[in-house]
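Right, one structure below, let's go through it.
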Amino acid sequence: MEFAILGPLEVRTRTGNRIRLGGARQERLLAALLLNPGGAVPVPRLVDAVWEDRPPATADRQVRNLAGLLRRAFRKADPTGPPVLLTDGRGYRIPLDDHGLDSRLFADTVARSRRTAAAGQQSAAAAGLRQALSLWRGPVLDGLEGQLIDSGAVPLDELRLTAWEDCLDLDAALGRHRASIPELTGLVTDHPLRERFVGQLMRALHASGRTADALTVHRRFTGRLAEELGLDPSPELRRLHLALLTAGVVPDPGPGSGGAGPSTGPPAAGARTAAPRTAGRPGGPAEERGGAVRATATVRATATARDDAGADPGPEAATAEGGHGPRPTMPVPVPAQLPPSLATFTGRAAELAALDAFTEAAASPAPSSPGSRTGPGSASAARICAVSGSAGIGKSALVVQWAHRIRGRFPGGQLYADLHGFSAEPPLTPHAVLARFLRALGVPGEQVPSLPEEAAALYRSMLADRRVLVVLDNARSAEQVRPLLPAAPECLTVVTSRAGLAGLTARDGARPLTLDLMPAPDAVALLDRVIGTRRARSEPAAVAELASVCGRLPLALAIAASRLAERPGRTVADHVAELRDSGNRLTALAIDDDAASAVRAALDLSYRTLPAAARTLFRLLSLAPGPGLTAAAAAALCGERVAVVRPVLDQLANAHLLTHEGGDQYRLHDLLRLYAAERAAAETGRAVSAAARERLGTWYLHHADAAARLLTPHRRRIPLGAPDPWYEPPAFTTAAGAQRWCESEHGRLLGLVRSAAEHGPDALAWRLPVVLWSYWFTSPHLEDREEAARLAVAAAVRAGDRYGEGQARNDLATALGALGRHDGMLAELRLARVLFAEIGDRVGEAHAIGNLGDHCLGTGAYGQARLHFQGALTLFRAQPEEHRDDWAVRVCETNLGVTAMLAGRAGEAGEYLHRALDRHRSTGDPVLESITLYHLGEHHRRLGRPAEATARLRQSLAVLDATTRNPRLRAEVLAALARLGEAAGPPDGRGRPGG
């Protein structure tokens, strides 16, 4: 057998078949044995593991029974395998010499890798530790709880962290500083008080030329350490901090920290470079002539020592003493740094038009005014456009395509830089980009100022009277971009980023342009362009479906199309079928020889930059039914107040991992939802996920109950209990508002019922449809109502809840009646009536009897219907006042009037219907008032009173339009008015209330 505890508990045979255990007690027993690998665990300790502090009197015997069940399960799964569970003295053990355990393999691999490192084989040791760490699938025994399990997980968790630290020390010794920064940043975020991770991140940042960032990490750590624990950092971290402050050699981590060797940073900065002087010739610092620029700036005196964050120094500067003489002036071409545009670029007409309009404004001279000069340079501010959107949305492709189209409007050149804001590489520092741009503009490398402020000033001077297009791609933040903005109004800067860069809009006047998913026609056109028109036209439906499966995300579309283009014999439909498997979709949306060009990899880069709270919420959002939800529903997932969660939602929206659709509405598009679900499966425990689902269900349940109290204010409610302290009541306060909320949430409510039916709890799966009856009673979604009711019945049966089953079957019967399925309705009502009678619920029994009357009306058995309604009324009125259902009484009275009308007893019908109308109005019940007015209209039409009939029907419409807007009844009323106008046909008697 192969046992796995580094994540959810799993047992597999030697051939890889997974063994399903018989419940939580068997899992706890097995977990206790596996946490003591190879050794015997006494029965009393196993009792503690299974029941903790509340064992039954027969606990010892039950433990032996559980062990026997495990033995039988293992023997059945692998009859020829070695024994798994052995009796040993007063306990049991699993002989791991004959079986595999991932925690033991992990510990052995870590020990072997450490011996390899001690032998000087650093690369092999790092690879071994990575292999060991890959065995972890989540927290130890994820989903199982208990003191014994928690205590057994502690040493494994600690071994994992120390192995991770050793691995990162080895990476540092191998010079992999920049590559380890994203990983270390995440680890420091997740373990903010673990000093060794902090030191490793500081060394990596320093070695990558980011000493200022390393010092910021130290400042945050020491502040948090003092605030939370009242402690100072260790002497080792203080020495590291001092070394960074003095720009010295970074000290060896030392044997106490498990370091793999010393790490040295960049050399200290050398002499300060003097500011360059610009020759005073017409046209500014450089001439734009004949397609080339001749550099005119010169620098006196000193050479500059460069670090990794800046430009390469190039040849040494000429000095007065050096004897080399002045460097000859070389022609410098006009910079044209735009990368090639994509040959397959398709669509985005609206976005290109928006950029064109912006360019026209930037390229036009500012209007002259008295006292001001005209022409170039007269505008008052630099021009900036910030293009943002999620990973893979096509920001770079759009901007590069557009930049090539308008490059002729910028004779001063085009500067381009990928800032690596969201990349496997560390983000570029503004100084490094300034050095590149200055060299492209003709400044010799040795004359680029070493101080960022001086480099930015020279850059602005070089562009002061030029018209240059600057494209800053893949920016991390406004702070990274701001030093790279030209001051000249004739220059245009376009920034792309996965972040919203609101700071550029607020402080620098940037115009934002946010990209959304491609429109469906553009997505199809992109696939057509890559796979070929003939092939696309041979399977038009499959191509449209492929665009949908790819979520209309340009990166996903390009990958899917390229994979199809490489396999000309494969049909589009086959590729769609592969991608339809949601568990395989992100894996399939990758290119085999280009790991970076994968949807999952692109999303990883955005996800890893989020703060811990935002990553947690992003994972939980995958548990919500459907792609959209409100801020309040997101707060329910977390069990927090809305005010606490809203800023985190804004962080996700700013990172374009969530779309804010206005107001309180947010949306997670399909591929992001799949990715969030992957991260939840890998990082969020099953118990945490289950608790979040239950909180969301509880929130919806109480909101639905609040809506029901407004829609049918006097109808009997099922008991729900008090909501949790974090619950905030809904904003709607009227029946119309409650109806609008139910309609807007309809898809999510049905999705939540489906989710509860699949994942639990069963109590929610039956209660939510029952509470929603007041909405579905007037809703046009008849098939959805039936589906929810059937799921409710199944959940109540699973839970063994006879009261819930009676309620659910009664509601299923009314749903079937609304669909005209009278045989099914009758069968469910008979079962519901028996259930209510057996548990002594007389009000529930009366509801079932009243609905039997509704069934008889639908089948034309008016005499039987009258008996059922009268019997239900008698039973309702016999109940104590505190249990009486006044709403159901008024329903029965109304239906007695309908019965009399259809049976031809006009006097009796008018008496019942008028009395019912007065009661509905006195109690303020617009639902039953509108229904009764409709039936009075039909009553008058039958009596040959068209004027009175029309008046009553129009009154019904007025009530509907002012309150509940019952769409099914509204259609009935309009049809009745039409019949009056045409003097045609008898009514069909539909639209009766039921309950």
Side-chain angles (χ1 to χ4, degrees), residues 23-25 143 145 620 623-626 629 632-633 635-639 685-709 712 715-730 742 745-746 748-776 784-815 828 831-832 834-836 838-841 843-845 847-848 883:
R25 290 178 180 175
E145 299 177 350
L620 292 180
L623 305 176
L629 81 170
L637 279 168
C638 303
R686 285 184 295 179
V688 173
S689 295
R693 281 195 187 95
E694 188 164 356
R695 284 193 298 268
L696 182 65
T698 299
W699 183 85
Y700 270 108
L701 184 63
H702 283 279
H703 264 52
D705 185 61
R709 292 175 185 275
T712 54
R715 190 170 184 263
R716 187 179 73 152
R717 309 285 163 221
I718 62 171
L720 299 183
D724 290 319
W726 49 262
Y727 178 78
E728 297 174 77
C742 291
E745 295 285 342
H746 173 84
R748 286 179 280 223
L749 287 163
L750 181 61
L752 194 64
V753 174
R754 291 167 176 162
S755 175
E758 179 180 357
H759 301 289
D762 287 328
L764 174 65
W766 76 256
R767 278 190 172 91
L768 187 55
V770 168
V771 168
L772 284 169
W773 187 93
S774 296
Y775 158 61
W776 273 325
D784 290 350
R785 176 181 172 186
E786 180 199 3
E787 179 191 353
R790 290 193 183 280
L791 292 173
V793 170
V797 170
R798 277 196 307 272
D801 191 324
R802 296 172 68 76
Y803 171 77
E805 184 183 351
Q807 292 285 347
R809 289 194 184 279
N810 186 60
D811 287 1
L812 175 57
T814 62
E828 294 298 333
L831 288 170
V834 170
L835 283 165
F836 285 132
E838 287 178 348
I839 63 175
D841 185 344
V843 175
E845 187 178 356
H847 272 280
H883 297 306

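The two residues Ala633 and Leu696 have their closest heavy-atom pair at O-CD1, 3.4 Å. A pairwise comparison of heavy atoms in Phe836 and Asn810 identifies CE1-CB, 4.5 Å as the closest pair. The two residues Arg695 and Trp726 make their nearest non-hydrogen contact at O-CH2, 3.5 Å. The two residues Glu828 and Ala813 make their nearest non-hydrogen contact at CB-CB, 4.0 Å. When all heavy atoms of Leu749 and Tyr700 are compared, the pair lying nearest together is CD2-CD2, 3.5 Å. Contact record, Gln807 with Trp766: CB-CZ3, 4.5 Å, taken as the closest heavy-atom pair.
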Let's go through Ser774 and Arg709 carefully: what are the C-alpha distance in whole Å and the side-chain angles of both, what is the deciding distance for side chain to side chain donor-acceptor pair (under 3.5 Å) to 0.1 Å, and is it a yes or a no? CA-CA 8 Å; Ser774 296; Arg709 292 175 185 275; over 6 Å; no
Is there a side chain to side chain contact (heavy atoms under 4.5 Å, CB included) between Leu812 and Glu786? Walk through the geometry before answering. CA-CA 6 Å; Leu812 175 57; Glu786 180 199 3; 4.1 Å; yes
Evaluation steps, salt bridge (Lys or Arg N to Asp or Glu O under 4.0 Å), between Asp841 and Arg716: CA-CA 12 Å; Asp841 185 344; Arg716 187 179 73 152; 3.3 Å; yes
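Thr698 has its side chain out of reach of Leu764: every pair of non-hydrogen atoms, C-beta onward, lies at least 4.5 Å apart. No side-chain heavy atom of Trp776 sits under 4.5 Å from any side-chain heavy atom of Cys742. For the pair Asp801 and Asp762, the minimum side-chain heavy-atom distance is 4.5 Å or more. Residues Leu620 and Cys638 have side chains in contact (heavy-atom distance under 4.5 Å, counting atoms from C-beta outward).
In this structure, Arg693 contributes its side chain and Val688 its backbone to no donor-acceptor pair below 3.5 Å. Using modelled atom types, no side-chain atom of Ser755 and backbone atom of Gly751 make a donor-acceptor pair closer than 3.5 Å.
A salt bridge links Arg748 to Glu745: at least one charged side-chain nitrogen sits closer than 4.0 Å to a carboxylate oxygen. The pair Glu758-Arg754 does not count as a salt bridge, with every side-chain nitrogen at least 4.0 angstrom from each carboxylate oxygen. A salt bridge does not link Asp811 to Arg790: none of the charged nitrogens lies less than 4.0 Å from a carboxylate oxygen.
Note that the NE2 atom of His759 and the CG atom of Leu752 stand 10.5 Å from one another [nearest 0.5 Å].
Aromatic ring orientation, Tyr775 versus His746: perpendicular (interplanar angle above 60°, classes split at 30° and 60°).
In this structure, Arg715 satisfies the cation-pi test against Trp773, with its NZ or CZ atom closer than 6.0 Å to the six-membered ring centre and inside 45 degrees of the ring normal.
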